[in-house]
Every structure is written in C-alpha cells, then in structure tokens.
Trainee: 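Following this message is one structure expressed as structure tokens.
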Protein chains: 4
Amino acid sequence: MSENDIIQEMLLNEDDDDQLTPKQRKILQAAVEMFAEKGYASTSTSEIAKHAGVAEGTIFRHYKTKKDLLYSIAVPMITKFAAPFFAQHFVRQVFNDQYSGYDELLRRLIHNRFEFAKENIPLLKIVLQEMAFQHEMQVKYKDIFTENVLPRFREVVDHFKEKGQIEDYPTETVIRLTITTIVGFLVTRFIIMPDYPWDDEQEIERTISFIMHGLEKA
Amino acid sequence: MSENDIIQEMLLNEDDDDQLTPKQRKILQAAVEMFAEKGYASTSTSEIAKHAGVAEGTIFRHYKTKKDLLYSIAVPMITKFAAPFFAQHFVRQVFNDQYSGYDELLRRLIHNRFEFAKENIPLLKIVLQEMAFQHEMQVKYKDIFTENVLPRFREVVDHFKEKGQIEDYPTETVIRLTITTIVGFLVTRFIIMPDYPWDDEQEIERTISFIMHGLEKA
Amino acid sequence: MSENDIIQEMLLNEDDDDQLTPKQRKILQAAVEMFAEKGYASTSTSEIAKHAGVAEGTIFRHYKTKKDLLYSIAVPMITKFAAPFFAQHFVRQVFNDQYSGYDELLRRLIHNRFEFAKENIPLLKIVLQEMAFQHEMQVKYKDIFTENVLPRFREVVDHFKEKGQIEDYPTETVIRLTITTIVGFLVTRFIIMPDYPWDDEQEIERTISFIMHGLEKA
Amino acid sequence: MSENDIIQEMLLNEDDDDQLTPKQRKILQAAVEMFAEKGYASTSTSEIAKHAGVAEGTIFRHYKTKKDLLYSIAVPMITKFAAPFFAQHFVRQVFNDQYSGYDELLRRLIHNRFEFAKENIPLLKIVLQEMAFQHEMQVKYKDIFTENVLPRFREVVDHFKEKGQIEDYPTETVIRLTITTIVGFLVTRFIIMPDYPWDDEQEIERTISFIMHGLEKA
DNA sequence: TATGAATGAGGTTTCATTCAT
DNA sequence: GATGAATGAAACCTCATTCAT
C-alpha cells in the first residue's frame, strides 16, 4: 500500500475523532467501487449495502444522506489531489535551487500525481464525473484551486518567465496548457485507455518534453 | 444559425423519413437542456415532459425508452464531432499542398471544432458525461475513432514525421498530445470556465503554437 | 344523501376544475376512514392504497405528499363547519324579527350543526385530532374564526345583551360558554359516547335550556 | 413545586420500588415535552434520546417499548385527574354540611382541577390526543370513570336534585353538562387559547354561575 | 397523434428495537 | 446500567413505462 492511496488512508484512519467501524469501512469501499462503475445517480443505496454486506439502514446511521456518502468520499479526494501544491517545498525548492528548471518541477509533479492517480482511479473517476453536477464539490474545488493551487503555480511560472525559460504567454495560459496536458495524460492513461500497453516512463518523459518545448521561449 | 448547430439541424431536419413533429422538437430541446444541466440519470421523463409542455406519454410515443431519447441526442453528436475527419479533403489537402504544414491542419481543425463546440455546449457536456457509463455510446465512439479518425490522423502525422516537421515520437503519442491539448482547450473554454474573459483568437493561436513547438523536431 | 355530507360533496364534485377520477374518490374515502380510525401519523400510505384498491403510486399522482392528502380532506371541513356563520341570514334574522330570542338562534345553530356533525363524524374526528399538530390547519381555523365567526357572533350577543336577555358577562365569555357547551355536546354525542342511547331531541332542548338559563339576566 | 405537578411527582418518586435514575428522569421529561408538541406517533425514540441526552438504547432499558413509555406517562395522569372523586371527603362533605350547595362543590372542583391542569398542560394534551387512539388508555379511563367518578358524581347530583336545587334533568345529562362546561373551560384556557389575557378568578366564577343558573330549578 | 391516469418496482430514508461491549 | 452500532421492516415518495380514451 502506497502513501498515496487515500481510500486506504480513510479506511485505516486512526484518529480518535473519526474512527471507522468495520461496517463503515465496507460501506465506503463498496460505494467507491460502485459510484465509479455506474455513477452516483445510478447506484442505489441498496446495491451499496448488498455489496458491503451490510443492512441498508447501516449506511444511514453513518451518512445522513446518500449525498453525504458521496461527499465524504469525493471531497477529501479533491483536497488530496491538490495537496502537493500546499506543500511548502513545492515552491521553495524552485527558488532555492538556481539550477533546477521548470522541467524539474514538471517531472516531480507528474510522477507524483501519476502515482496518486494510479492508486485512486475509481475516486478520480467519481470526482471527474460528479464535479459536473454537484454544486458543493465545485465550490470545494474552486476554493482549493484559487486559494492554494493557482497562487503558487503563478509564482512559479512567473519566476521562470522572468528567467526567460518560458515563453511570454499570459501566466494563466501557461498554467492552463500545463495542467491540461498533465490531466489529459492521466485521464487518457488511467480512464480512457487503461488497457493500452503503455510505456509509462517514456510517455511521462515525452509529455514533459512536449510541455517544455511547447512553452519554451522561441 | 450556423451550419454546426446540430440541435437545430436535428430539429429542422426535413428528410421525409424523420420529420419531427413540433412536440417532438420541444421534447428534444427540453431533454438536451436538462440532461446537460442535471445529468441523464438525474433527469426524470416527467420533468422533460413538463419543460417541453407535453404530456408524459408523448415522450414514449416518439422514443421507446428514456435511453433511446438519450441516444437519439448523443450518438449523432459523436458522429458530428468526428465529422471533419471523414471529409475527403481533410487529408487530401495535406498531401496536395506541399507548402502547408501541420500547423495549417491544426488551425483548420481547432477553428472548426471550436465553432462546433461553441454551438453545441450542452450536447458536448452530455456526451462527455454519459460516455463514462453508457456502453453503447462507448462502442459508437470507439468505432468511429478507430475506423475513421485514427487512420486518417495517423496518415497525416506520419506524413509530417517523414517530412521532418514533427519529432520522432510514436505516432499514437503525437495524436494523443494533439487531441488532448485541443480537447483540453475546448473543455476549459466552454465547460469549466465559460465565463472567463477569453481572447479566443489569441488563445487559439497560442494553443497551436504550443502544440507545434511541443512536437517539433529538436 | 344530505346536503351536509361534505365527503359526498367532495367526491361528487362536478366542477370542471376539480373533477375527481374514480380512483381519487376511493383514495379520499379510504383516507378519511383510516385517518379517523388510527390517526394521521399512524396511517401509512400503503394502507390507504390497499383500502382504496389502488396502487400506492396513484395516491402521489393526485396528492404530492401525504400531508397534502390530509389537508385536502381537513381544510374544507373547517370551512364547512363554520359555514352557517357566513350566511347572511344568520345574523339578519336575529335583528329583523323582534320576537325571536337567543334561544331561537341556538336552536337553529345546534340543529344545523348536529346534522352536519352526524354526517361527518370521521372528518370531525380528524380535524379535532390533527388541529393539535398541523400548523397550517390552525392557521386556517384561526383565520375563519376571527374573520367570520367571531365578529358575527359578537354582534348577535351584543344585540341580546342590549335587549337585556343575556347576563352582562363579557361578550367573549358568553361566546365561549355557548360554543363550549355546543361543541361539548356534539363531541360527547358523536365521538366519546356514540353508542349511548341518546334521546337527541330532548337532549338538544335540554342543552339549549341549560345555555339559556346559564346566561339569562339574573 | 405544587402538590399537583405529577411530572415532578413521578420524577422525584422515592419509593424503593420505582426509584428513577437521573437518566430515566430525563427520558420522561423529554418524552412528555415531545409527545405534547408533536404527538406520540410523530415523535421518534431517537429524538427523545437526543433531547434527554441519553443513548437510544437506554430508553429501552427502562421501557420495553415506545408504547410502554407513553403509558407510563399517560396512565397515571388519568388517575390523578380523576383523583378528587376518589377522596372520601369529596362526597361526604356534601352530605354533612346541610348549608353547602352544588356551587360550593363546583367551586372546589374547578379550582382544584384548574391548578392541576395549569401544572400539567403537556400531560393534559398528551392524554386528550392519545385517548382517541390508544385502546389501553380508553379502557383505563372508562374503568376509572364508571367505577369511581360516575357513581360518586351521581350520588351528589341526586342529592341536590332531591333538595330541589337542581333542575329535574336526567342525572347523566346534568353530569354531562357540568363536566363538559368545566373541561371545555380548562381546554380553552390552557390549550386552545393559553395566551389570551385571562382573568382567571372572574372567569371561574362566571363559569360556576353559568352552570348553576343553567341547572337550577325553573 | 396526443393525453394523463395508473401502475408497481424500486428509490432513499426512518424507526423501534436488539445486543455486544 | 449505559452505550451506540446494527438491523430490517416499513415508511414516504419517484419513476419509467403502459394504455384506454
């Protein structure tokens, strides 16, 4: 089990405050599995209960509503997916090491998120799907993105633009192209074509190379 | 009304075979609107009927099941979105005009799909959402992609690789990066951040430039 | 069928606006019966459906919620029970005929409400029971009482107080004692002890006599 | 704390047999409060537990079923409300003191029950409501009424009828009119219009006067 | 063609009660 | 005694679909 597997993390959480009962664990596992497979709206609580080997009422002892169950799964996922940007060292390292470039950052970022995605495919699917319809999730995402991800990303991009390493596009455009390419890769790799015989190491390097050349100063 | 607006096209279709009654038109419009807004599974046929100003039974006179209604909306969309690749001139032009490059192709492609997306945002949303769960749609998409899009795309990419205009990545990788970047742009532009003050012309050019530099031979 | 039977009235209503389907009629009949017998909260919609010989869903086609069903039964009852006080002649006759006294009024009132109660026992029970908990019913009752019943009643009582026929109690007290005695009679007669061998004519006369002597000027 | 407050009495009961634990006390208080407010059937045991600050299971340690809890509250209330009629001196005094009349009895009765009602409004509400549906409560009430209240009341009324103080109505009618008027007063005073600016002393006297004149020999 | 009443299976949720701790 | 997780039956309600008109 890797440090990135947030289902495992939730399930094994040992904080005194939110100990999970064994049944609750099974409910979460079943819910993740089925929401990813059939979508939130098309999964019935009775199916979840059956899969979890639990009485249907038990679900509602722990989660007041079906939506609560979804959020208890999806919201932490959003937070965790954006987590690297919270980390102090994410930005600091860039500034401290004069020899490291945007590619170094990308490499760390992609590898990191690649491992994360690999271990959380069902959760990723759930979030991508439900983000479209669940207002509360959109809000959560927007908050995290504008408050934590965007500002730090902007600092970094501006830094490399000043160093002349990156083309003089608007910072937002650079960020969009970077994220789009990375997320596009992860979605293709793990969701659209998980069965394609990928050579992950090479594909990651090509993706980095693509972004770097795509952005580099003419 | 543009030539790209496929809802309008469906609604006004004058072929003798699939003449639409006014009620049927309203049903389709209402369904598109609500599926895009709330998702297929969370939209009830009675809501659609109410929105369309039609009796509940009327929907089932025209569409045997709710899923039929979805498919009658989504499947043509998939076909239409991939349509440019069907067009003979899409590839031919590339080979005939020795001076036109990959960027010309991209420019035509993006502009074309940009207009298309702009006029079909709700349909785009529906397809993106439901593709995840509707098997029949996945099959339809895969068929079209592997039979029509992929082969022609491959021809083109190989052509430019041979000409030395494109880096020597595997053809699939080039296609993936190209499509990912274009679709990522369209999704960001029209679905994730439709209210951002976009400078469309410039953003399109930057996107093309990003792809071109990203792929160009070192 | 008497002119007082408001269930029949509802069921046979021939206004174009609120025609009842046969099933709807059966639902209302079953609901009245069971709410009176077991109370609103202890009657399940599935029981009502079974009694009405109808699918459970049919109830909710006609009444959005179980509470809607209750109100559609109880609110007209409140209106109808207070109806005599709306009638113009209720007050006018008192003033026009100098020889008629408070006892004449009481006699007409009691006979009238007696017949009404006799034909609407289950509805009466429902209203008495649910008035305690259903806010909307309390409001409806209060509106009717303060706007229609109370002012006319006050006029009448003041009239007879001036004529010296009624003791000089506060008008509210006179009204309270009158209504309390009448309602107390009806409730005892039809709800608490419906099986007691009542001599209705005599008991009515005694009740009138009791009120008259109770209120007459010393 | 008055001698009439039967909740307090139950809660503080110090008989060895039915000592109440602090938790049990809280359960009873919460149950009384909520049954009065929302009705028995619409109050859930979990709500009671929450209000009482007790675990759900704790309720069932002390009361085998929810209905047991209701009866443990309501049945003593019925007994206590009828208690004055049990008292030996209720009847005896009437016969011993040749100068005291029916009005003296009424006065004592009303004052006594007035104070009782005032201190037990929620319980009164519960009993009035649930009497309609709870068979066991009806039986209890009927037993007490026919075995204790009615015979003594009859003795008293017959006594005053013989003395010529009361009109020659059937004894049952006299009792009905008396009780109806008293209960009607208490219900109006404490349940229907508790917020009206009552002048209790005067209203009681008027009620007595109303009954006395209503019943007195023509 | 269009309607909308009717259906019944199945959805989410509540609830009184039990029981291991 | 007290807890609260667990239960499963049953509550209210929704829904896609059918069918007589």
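Numbers restart at 1 for each chain; the letters A, B, ... are given by sequence-line order, proteins then strands. Quick caveat: nothing in here was measured; it's all calculated off a predicted structure.
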Trainee: Does anything in residues 40-61 of chain A reach DNA chain F, meaning a heavy atom under 4.0 Å, and if so which residues?
Mentor: A:Val54, A:Ala55, A:Gly57, A:Thr58, A:Arg61
Trainee: Want to know the stems of DNA chain E: at least 3 consecutive Watson-Crick or G-U pairs with distances under 3.5 Å, which are they?
Mentor: E:2-21 with F:2-21
Trainee: Is there a donor-acceptor contact under 3.5 Å linking the side chains of A:Tyr63 and A:Gln24?
Mentor: yes
Trainee: Kindly write out the residues that satisfy side-chain contact (heavy atoms from CB on, under 4.5 Å) with C:Ala132, not counting sequence neighbours, or none if the list is empty.
Mentor: D:Gln129
Trainee: Would you call C:Met77 and C:Ile126 a side-chain contact if the rule is heavy atoms closer than 4.5 Å?
Mentor: no
Trainee: Check the pair A:Phe35 / A:Leu123 against side chain to side chain contact (heavy atoms under 4.5 Å, CB included), numbers first and verdict last.
Mentor: CA-CA 9 Å; A:Phe35 285 162; A:Leu123 279 171; over 6 Å; no
Trainee: How long is the line joining CZ of C:Phe35 and C1' of F:dC12, in whole Å?
Mentor: 12 Å
Trainee: Where do B:Ile73 and B:Ala31 come nearest, in terms of heavy atoms and distance?
Mentor: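 Here B:Ile73 and B:Ala31 meet closest at CD1-CB, 3.7 Å.
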Trainee: Does the side chain of A:Lys125 reach to within under 4.5 Å of the side chain of A:Glu37, using non-hydrogen atoms?
Mentor: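 Answer no - side chains too far apart.
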Trainee: Which atom pair, heavy atoms only, marks the closest approach of A:Tyr71 to A:Glu136?
Mentor: CE1-OE1, 3.3 Å
Trainee: Is the shortest side-chain N to carboxylate O distance from C:Lys38 to C:Glu47 below 4.0 Å?
Mentor: yes
Trainee: Using a 4.0 Å cut-off on heavy atoms, which residues in residues 62-70 of chain B reach DNA chain E? List them by number, or say none.
Mentor: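 Within this stretch, B:His62 sit under 4.0 Å of the strand.
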Trainee: So do the side chains of C:Tyr40 and C:Lys66 get within less than 4.5 Å of each other, counting heavy atoms only?
Mentor: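 Sidechains of C:Lys66 and C:Tyr40: in contact.
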Trainee: Salt-bridge test for B:Glu56 and C:Arg61: reply yes if a basic N is under 4.0 Å from a carboxylate O, no otherwise.
Mentor: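 Looking at B:Glu56 and C:Arg61, the cut-off is met.
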Trainee: Could you check whether any side-chain heavy atom of A:Leu69 comes within less than 4.5 Å of a side-chain heavy atom of A:Thr45, counting everything from C-beta outward?
Mentor: no
Trainee: With a strict under 4.0 Å distance from non-hydrogen atoms of chain D, what nucleotide opens and what nucleotide closes the contacted stretch of DNA chain E, reading 5' to 3'?
Mentor: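 Terminal contacting nucleotides, 5' to 3': E:dC15 to E:dT18.
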Trainee: Under the ring-ring contact (aromatic ring centres under 6.0 Å, His included) definition, can you give me all pairs with a residue in residues 41-62 of chain D, not counting sequence neighbours?
Mentor: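 As it turns out, there is no ring-ring contact (aromatic ring centres under 6.0 Å, His included) pair with a partner in residues 41-62 of chain D once direct neighbours are skipped.
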